[in-house]
Amino acid sequence: MDFAFLMENLPALLRAAWTTAWLTLATLVLSTLIATPLAVSGLRRETPLSRGLAAASTLMRSIPTLVILFLVYYGLPQIGIVLPALATALVGLTLSAIAYTMEILRAGLKSVDSGQYEAAGALGLPAWLIWGRVIYPQALRVIVPTWLSNATLVLKGTSVASIITIPELTAIANEIVSETYRPFEILLSTAAIYILLGSVLALAARVSARRWSHP
Amino acid sequence: MSTFMTAVSDGFPVFGQALLNAFILLATSCVLSTILGALLCVVDICAHRSVGLLVRIYSWLAQTTPPLILLFLAFYGSTMMGRAISPMTAAIIAFVFFATAYYFEIFRASYEGVPRGQFEAARALGIPPLPFATGVVVPQVIRIAAGPFVGRTTVLFKETSLASAISVSEIMSTASAYIYSGASPLLMVAIAGGIYAVINIALIALEKQLTRKAAAA
Amino acid sequence: MSAPEIHTRPRPRSWPQRPDPGIAVELRDLHLSYGAHDILKGIDLAVREGTTTALVGPSGSGKTTLLRCVNYLATPVAGEVWVDGELVGREERGGRLYPASERVLRGHRRRTGMVFQRFNLFANLSALANVAFAPVSAGLCSRAEAQERASALLARVGLSHRENALPSQLSGGQQQRVAIARALAMQPKVMLFDEATSALDPELSREVLAVMQELARAGMTMLVVTHETGFARTVADDIVFMEAGRIVSQGSPETMFSDDAPERVQSFFRRRPQTDSAS
Ligand SMILES: Nc1ncnc2c1ncn2[C@@H]1O[C@H](COP(=O)(O)OP(=O)(O)O)[C@@H](O)[C@H]1O
Ligand SMILES: [Mg+2]
């Protein structure tokens with residue numbers, strides 16, 4: 001490998017990696033915020049809303065991220081919403097992450113003994129307080145490790161945004177490759193950066209699995 | 001409305017070819033990766049710990065690198081090697097590289113899901129390893145793995161959309177081609193999405209059923 | 001066979017001595033440790049052919065480990081295990097004894113049948129297939145023959161009507177009876193039971209205990225780890241009391257349940273409810 005060549009291009013790659021990291025983080029935060037109330041629906045008993053959500057979740061999980069990104073990219077302007085490119089990508093990635101996050105949260109919530117809900121209900125607590133203060137905290141033990149391993153998938157998924165020309169890591173790598181035509185140095189370093197970012201998440205997953213499995 | 005009709009009438013034969021290509025990519029990489037993943041699983045179970053560690057490192061790398069990067073690597077790799085390989089073959093190579101890791105993980109976890117007591121019982125009965133593996137372990141591994149396997153395959157099918165980035169003519173690249181030639185972008189993307197949705201919703205239903213069946217056993 | 005022919009050739013002085021005839025299981029100065037923890041600290045025990053020995057003692061005293069040494073599922077660090085006149089876990093080559101290969105060990109293990117607390121049936125096989133599987137896969141008989149024998153064994157444990165049921169479709173008691181039939185299918189010389197009924201409620205325990213009692217009556221040699229004092233008292237010929245990796249007391253049920261038994265044994269039995277035996 002040509003070390004000088006790498007050093008020359010590394011700053012651009014690292015800047016792009018910063019965009020990737022942030023896009024990942026923003027997608028995770030947004031999708032979790034939206035999925036948290038949605039995941040609760042239908043856990044106690046089925047409602048028309050919960051059935052609708054389940055169907056929407058299946059639909060969203062059946063469509064590639066790329067399709068969702070394109071739908072947002074072409075669709076939002078049609079309904080009069082014009083967003084900067086990065087925000088468009090964020091909306092698309094978040095939409096494609098919500099369904100998976102919701103399934104993860106539901107699996108965690110289901111692991112909590114249903115008697116807990118009845119007990120809290122008997123104390124006359126309102127529903128949002130029961131979920132927020134009683135059920136969710138207990139479900140975290142199951143949720144956190146799987147949520148973090150799903151975060152690795154979200155990280156990988158942000159690379160798809162390169163196709164709608166968001167200047168994240170994959171897009172910049174591609175750009176450098178087409179300028180220099182030195183694909184292997186650039187692509188392998190790019191892979192290494194992704195793996196480094198993924199390792200941070202995996203490390204967090206491992207630590208949390210150890211921590212949360214012994215409450 | 002007239003654009004819709006022409007898009008549908010002109011589009012479907014071409015989308016049919018695109019769907020076929022996506023299916024070839026999916027089926028080939030699925031079959032090859034299943035075989036390789038199963039082999040790796042056997043290696044990981046039987047071989048020395050250090051070999052197992054190598055398998056795990058490979059699996060981690062293959063699963064953490066975005067498929068797009070792997071596709072590009074395979075694509076440039078194929079053009080570098082004197083005799084050019086078709087984009088489809090390059091895509092299959094990249095897909096097999098990461099899907100093998102997907103399926104390996106599923107098989108490995110399913111193997112761990114076979115209750116250990118049965119292994120002890122087999123030892124106590126003096127049953128040789130091969131009949132025990134084929135008669136007891138593998139059938140249970142298949143049962144446990146079936147649901148996750150189908151689930152992973154839906155993910156793999158969705159990832160075939162990325163092969164458009166190295167100009168494999170599959171569903172998304174066909175949609176893009178129509179968009180460039182002036183068809184309504186939203187409509188074309190919706191048609192593409194519909195194709196994925198119909199097939200994957202069926203697969204997700206199958207996954208659910210298989211998982212339920214495994215849990216009942 | 002792999003057992004040393006000890007009377008035909010001169011042996012070094014330390015060459016192990018075959019147990020007396022009529023002894024089905026003999027353990028000699030058996031030691032086992034996991035890491036720095038000594039689990040078995042010199043076990044000597046003989047079980048006569050056709051008798052039932054109950055192994056009792058507080059949890060953690062090493063009963064399961066002892067049982068697992070008899071078929072070498074656990075490997076002792078020192079001592080000898082003899083089953084049916086054969087030294088288990090060793091094989092002779094060129095006049096010397098070596099640790100047995102897996103293949104030889106499989107042969108040794110077939111001389112004992114083991115029944116586990118958690119049944120451990122093969123989950124993908126029907127009751128009949130569970131029983132027939134081991135003899136066929138060990139190449140001992142044809143499939144048809146094995147199925148015929150399996151059928152007869154299931155009848156013996158009262159499960160003729162459930163031949164085609166999967167383990168998940170059977171009650172715990174039924175599963176344990178299939179497990180007993182499965183072990184018997186290998187025609188073992190000795191049966192080992194490790195708390196075979198402690199995962200079952202009393203109702204289901206009784207049907208398993210009845211099968212065990214029938215086996216004992218039919219002359220099977222049995223080594224039974226049990227918490228069922230009723231069973232130990234009425235079915236066992238000998239009771240062995242273990243504590244902290246040692247046999248601290250042993251004798252007939254009459255002496256072990258009498259006021260002459262060591263205080264430690266008396267207090268142990270006093271703390272257990274007197275459960276019914278199958279009779
Ligand atoms: N695989 C093992 N590794 C380490 N320690 C073990 C293992 N199996 C059993 N032990 C220890 O050996 C001791 C005896 O266990 P066991 O034979 O199961 O007792 P019992 O069956 O009488 O309850 C216990 O202290 C247990 O913790
Ligand atoms: Mg025990």
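Contact annotation for A/Thr152: only side-chain heavy atoms (C-beta onward) come within less than 4.5 Å of a heavy atom of chain B. Both the backbone and the side chain of A/Ser159 come within contact range of chain B, each with at least one heavy atom under 4.5 Å from a heavy atom of that chain. Residue contact with chain B, scored on non-hydrogen atoms closer than 4.5 Å, involves the side chain of A/Ile163 exclusively. With a 4.5 Å cut-off on non-hydrogen atoms, B/Thr154 does not touch chain A at all. Using a 4.5 Å cut-off between heavy atoms, B/Ile179 contacts chain A through its side chain alone, with no backbone atom that close. For a residue to count as touching a neighbouring chain, one of its non-hydrogen atoms must lie under 4.5 Å from one of that chain's; by this rule B/Val198 does not touch chain A. With a threshold of 4.5 angstrom between heavy atoms, B/Ile204 approaches chain A through side-chain atoms but not through N, CA, C or O. In this structure, chain A has a heavy atom under 4.5 Å from the side chain of B/Ser164, while its backbone stays farther away.
For the set B/Ser184, B/Gly194, B/Pro66, the entry with the most heavy-atom pairs within less than 4.5 Å of chain A is B/Pro66. Taking chain B as the reference chain and counting heavy-atom pairs below 4.5 Å, the highest number among A/Ala173, A/Ser199, A/Ala192, A/Gly157 is found for A/Ser199. When each of B/Leu61, B/Leu203, B/Ile199 is checked for heavy-atom pairs under 4.5 Å with chain A, B/Leu61 comes out on top. Of the listed residues (A/Thr158, A/Val160, A/Thr58, A/Asn174), the greatest number of heavy-atom pairs within a distance under 4.5 Å of chain B belongs to A/Asn174.
With rounding to the nearest 0.5 angstrom, the CD1 atom of B/Ile69 is 10.0 Å from the CD1 atom of A/Ile195. Rounded to the nearest 0.5 Å, atoms CD (B/Glu159) and OG1 (A/Thr65) are 8.5 Å apart. Rounding to the nearest 0.5 angstrom, the gap separating the OG atom in B/Ser161 from the CG atom in A/Leu69 is 10.0 Å. Here the OG1-CZ distance, from A/Thr170 to B/Phe72, works out to 7.5 Å after rounding to the nearest 0.5 Å.
What you find for B/Gly193 and A/Val67 is that their closest heavy atoms are CA-CG1, 3.7 Å. Smallest separation of non-hydrogen atoms from A/Ala191 and B/Thr65: CB-CG2, 3.7 Å. Across all their heavy atoms, B/Ala197 and A/Leu59 have their closest contact at CB-CD1, 3.8 Å. Taking both residues in full, the closest heavy atoms of A/Ser162 and B/Leu68 are given as OG-CD1, 3.5 Å, listed atom of the first, atom of the second, then distance. Listed here is the closest heavy atom pair of B/Val155 and A/Tyr100: CG2-OH, 4.2 Å. Taking all atoms of both residues into account, the shortest heavy-atom contact from B/Tyr76 to A/Tyr181 is CD2-OH, 3.7 Å.
The neighbour count for B/Glu112 CD, taken as heavy atoms of other residues, nucleotides or ligands under 6.0 Å away, is above 12. In this structure, A/Arg206 places its CZ atom where only 12 or fewer heavy-atom neighbours from other residues, nucleotides or ligands lie under 6.0 Å away. Atom CZ of B/Phe23 has 12 or fewer neighbouring heavy atoms from other residues, nucleotides or ligands inside a 6.0 Å radius. More than 12 heavy-atom neighbours from other residues, nucleotides or ligands sit within 6.0 angstrom of CZ on B/Phe157. Within a 6.0 Å radius of CZ in B/Arg116, more than 12 heavy atoms belonging to other residues, nucleotides or ligands are found.
Distance alone, capped at 3.5 Å, is enough to place a donor-acceptor pair between the B/Lys158 side chain and the A/Arg61 backbone. One N or O on the side chain of A/Lys156 and one on the backbone of B/Gln63 form a donor-acceptor pair closer than 3.5 Å.
Residues of residues 10-31 of chain A having a heavy atom under 4.5 Å from any heavy atom of chain B: none.
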Residue pair A/Tyr74, B/Met188: steps toward the side-chain contact (heavy atoms from CB on, under 4.5 Å) verdict: CA-CA 10 Å; A/Tyr74 292 120; B/Met188 297 323 292; over 6 Å; no

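Partner A/Leu187 forms a side-chain contact (heavy atoms from CB on, under 4.5 Å) with one of B/Leu73, B/Leu70, B/Leu71 and no other, that one being B/Leu73.
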